[in-house]
There are 2 protein chains.
Amino acid sequence: MGRTVTVRDIAEKCGVSVATVSRVINNNGRFSQETEHRVRAAIEELGYQPNQMARALRARRTDAIGVIVPSIANEFYSSVILSLQGELFDEGFSIIIYNTNGSVEMERQCHAHLAAQNVAGIISVNSHEDVRLALDRPVPTVYIDRFLDPDEMGSNVASVSSDNFASGKLAAEELWASGSRHPVTITPRPDAPVTEMRTSGFVRGLKDLGYELPAESIFTPQVTGYETSRIMTERLISSGYPFDGIFAQTDWEAIGALEVLRSHHIRVPEEIAVVGHDDIMIAQFGRPPLTTIHQDAAQIGTRTAHLILSMVRDEPIESNSILVPVGLVRRESTRRADL
Amino acid sequence: MGRTVTVRDIAEKCGVSVATVSRVINNNGRFSQETEHRVRAAIEELGYQPNQMARALRARRTDAIGVIVPSIANEFYSSVILSLQGELFDEGFSIIIYNTNGSVEMERQCHAHLAAQNVAGIISVNSHEDVRLALDRPVPTVYIDRFLDPDEMGSNVASVSSDNFASGKLAAEELWASGSRHPVTITPRPDAPVTEMRTSGFVRGLKDLGYELPAESIFTPQVTGYETSRIMTERLISSGYPFDGIFAQTDWEAIGALEVLRSHHIRVPEEIAVVGHDDIMIAQFGRPPLTTIHQDAAQIGTRTAHLILSMVRDEPIESNSILVPVGLVRRESTRRADL
DNA sequence: GTGAAAGCGCTAACAC
DNA sequence: GTGTTAGCGCTTTCAC
């Protein structure tokens, strides 16, 4: 293992200065064709790779994008990250990932860590930190799963999100069409930024159909997930509260609800129709298979990647608040046969 | 936004030299208590954060660990990464993630990318690259899901893996105890490094029970997964090949098999017993719920993190080939009632 | 079209 | 116990 090869080695081998080598590498400034050939040949021959740390020190930033996410083990998030990592890699960027487990304190620490590392940009997924913090962060930030008012955002903040209002509305329409006249909804944790949009879309959808959803029909657990949803559904049944449809705002919550309904021998969709949200793999394996709102994780990933790249490069962006369409995937937990 | 604050600012504010400031920060070398207090106070007051790029340039390496994985969207991998990211974060390290989608060429590119970034270490998950490449890479590398002969490894290569031989054996014993006398196995893709160990454990387990598994009973698809497994099981049934048990070496393959068996009205476990592998969430939702081999993703993550940290710090390591125990999780796809 | 040289922010000799 | 200084590898002004 010889010393690592630097611009200097290339320069010496070619009998030019390091400045010229640098110009060739970055295709920046003038140099003769002949020099270019010699330099490129030497780079090839010696297997030279520019040292990114030195570059970063000079440029005052790295070619890395920080990604902060509640948990990479969440299928929806990992799908988004898979997609955006691929796009960013193609442009020479790498991603540094942090899991916060939903803790605001952890999020704060991650931002500190990222600041010290001089990342070029930050992608923050389903964050419930105060967005104003981002406004006076020098590094461009894109929020996923969080709708931001375009007017409130500085030029270094943007958002990409599913159209959660639309998904709430779709769920309302599907439950109604399935004969549900007293639907309820189970939201993610109250501080999840998507909760409000989905719920208001749901309320609005029902209202348009002539039904005013009572506030008591909106259930907002402190912790999102399968277990919580089981417990809530169990309580809901034993309380005798009249309901004949559930919009569970995550698929895991929907699956939890389905399991409890099944254990009570309540027929789905005949007695109670159920709509989930996200369309992760488990949805296909519900009993019955779950009707759900599909989020386009791949598209969210690519749009986010393109957005952050533009911002990092100081290129103009089409919009600083991108809404990705959702769609209903009808399976067997809605639309009773006799309707 | 003022200029970013550097050691120099701290030094000036305290009336000391940058060297002293550096000594205090790194707790390296001598300095008076009084100086220390002044410096720390100034750091606090100005909100100084050491520039990691400059440090990295100096130290010739960053505090980042590169992680190369086939796909972060695979639940088992993402659970491992969740775990190891937490551990590494506590020690001040960050992780840079690459997805290869199982492509060796992509893996090669990722290594090149990582080399240019001077990561302190590399964690390579389920890689099928030539390990000898790692031997003359200067940066420590830990392989996950790949058993390496301790003798073949240099001091900068190590491995952490489930005890895949044991899991094959467990599967054999469980199927046998469920009354299966002609079991088959469906492996992950042939180049997956775990395939060989699981299969030989399975063969050995059956042999110990007095059954010699014919080579025709080992099915090795080119592509791992739910769909492939469905197709293979379908073919297996229509071919009339006699079998009464399946060891599917991933849970998704097991779920695919279960679906096909169900569509043919073949009773599980009465007619055919099924054992999966990994114990990811979907296993609980199989029809019937899937008996499977549990892999301890969290432990694999923490052991990997500790290993790579020791290697990075040039500390001695207990072992360069760690085997993490597995366990059978019995659900309803094995052990017919009448036995 | 090319070279010399400064400097990004930090650490570690080395001197005192 | 503290200061001076070289230099990590790169890019970029400024000369010529």
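Just so it is clear: chains get the letters A, B, ... in the order the sequence lines come, proteins before strands, and each one is counted from 1. Small disclaimer: the values here were computed from a predicted structure and weren't measured.
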Without decimals, in angstroms, what is the distance between [X] [atom1] and [N] [atom2]?
X      : N      : atom1 : atom2 : value
A:I43  : D:dC10 : CD1   : P     : 10 Å
B:Q117 : D:dC10 : CD    : P     : 15 Å
A:L57  : D:dC8  : CG    : C1'   : 9 Å
B:R8   : D:dT5  : CZ    : C1'   : 13 Å
B:E36  : D:dG1  : CD    : P     : 12 Å

Donor-acceptor check, side chain of [X] to backbone of [Y], threshold 3.5 angstrom: yes or no?
X      : Y      : value
B:R61  : B:V312 : yes
B:Q295 : B:F76  : no
A:N51  : A:M53  : yes
A:N126 : A:A192 : no
B:T100 : B:M106 : no
A:T62  : A:N118 : yes

On DNA chain C, which is the earliest and which the latest nucleotide, 5' to 3', with an atom closer than 4.0 Å to a heavy atom of chain A?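 So the outermost contacting nucleotides come out as C:dG1 to C:dG9.
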Using five pairs at each end of the helix from C:dG1-D:dC16 to C:dC16-D:dG1 to define an axis, what is the angle between those two axes, to 10°?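 Roughly 40° between the end axes, to the nearest 10°.
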Between A:R40 and A:E44, is the closest basic N to carboxylate O distance under 4.0 Å?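 Not counted as a salt bridge, because no side-chain N and carboxylate O are separated by less than 4.0 Å.
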Step-by-step side-chain contact (heavy atoms from CB on, under 4.5 Å) determination, B:I308 to B:L84: CA-CA 10 Å; B:I308 198 79; B:L84 67 84; over 6 Å; no
Check whether any side-chain N or O of A:R55 sits under 4.0 Å from OP1 or OP2 of D:dT11, and answer yes or no.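 So the side chain of A:R55 is within the cut-off, an N or O lying under 4.0 Å from OP1 or OP2 of D:dT11.
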Answer yes or no: does atom CD of A:Q33 have more than 12 heavy-atom neighbours from other residues, nucleotides or ligands under 6.0 Å?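 Counting neighbours around CD of A:Q33, 12 or fewer heavy atoms of other residues, nucleotides or ligands fall under 6.0 Å, so no.
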State, with a plain yes or no, whether a side-chain heavy atom of B:V194 is found less than 4.5 Å away from one of B:P188.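 With C-beta onward as the side chain, the pair touches.
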Once the angle between the rings of A:H113 and B:F89 is folded into 0 to 90°, is it parallel (under 30°), tilted (30 to 60°) or perpendicular (over 60°)?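 Tilted.
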A:M53 or B:Q33, whichever maps to the more 5' nucleotide of DNA chain D: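 Closest to the 5' end, via its nearest nucleotide, is B:Q33.
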By nearest heavy atom, map A:Q52 and B:S17 onto DNA chain D; which one lands nearer the 5' end?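 By nearest-heavy-atom nucleotide position, the 5'-most residue is B:S17.
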Using the 3.5 Å cut-off, write out each protein N or O paired with an N or O of nucleotides 12-16 of chain D and the distance between them.
from: D:dT12; atom 1: OP2; to: A:N28; atom 2: ND2; distance (Å): 3.2
from: D:dT12; atom 1: O4'; to: A:R58; atom 2: NH1; distance (Å): 3.2

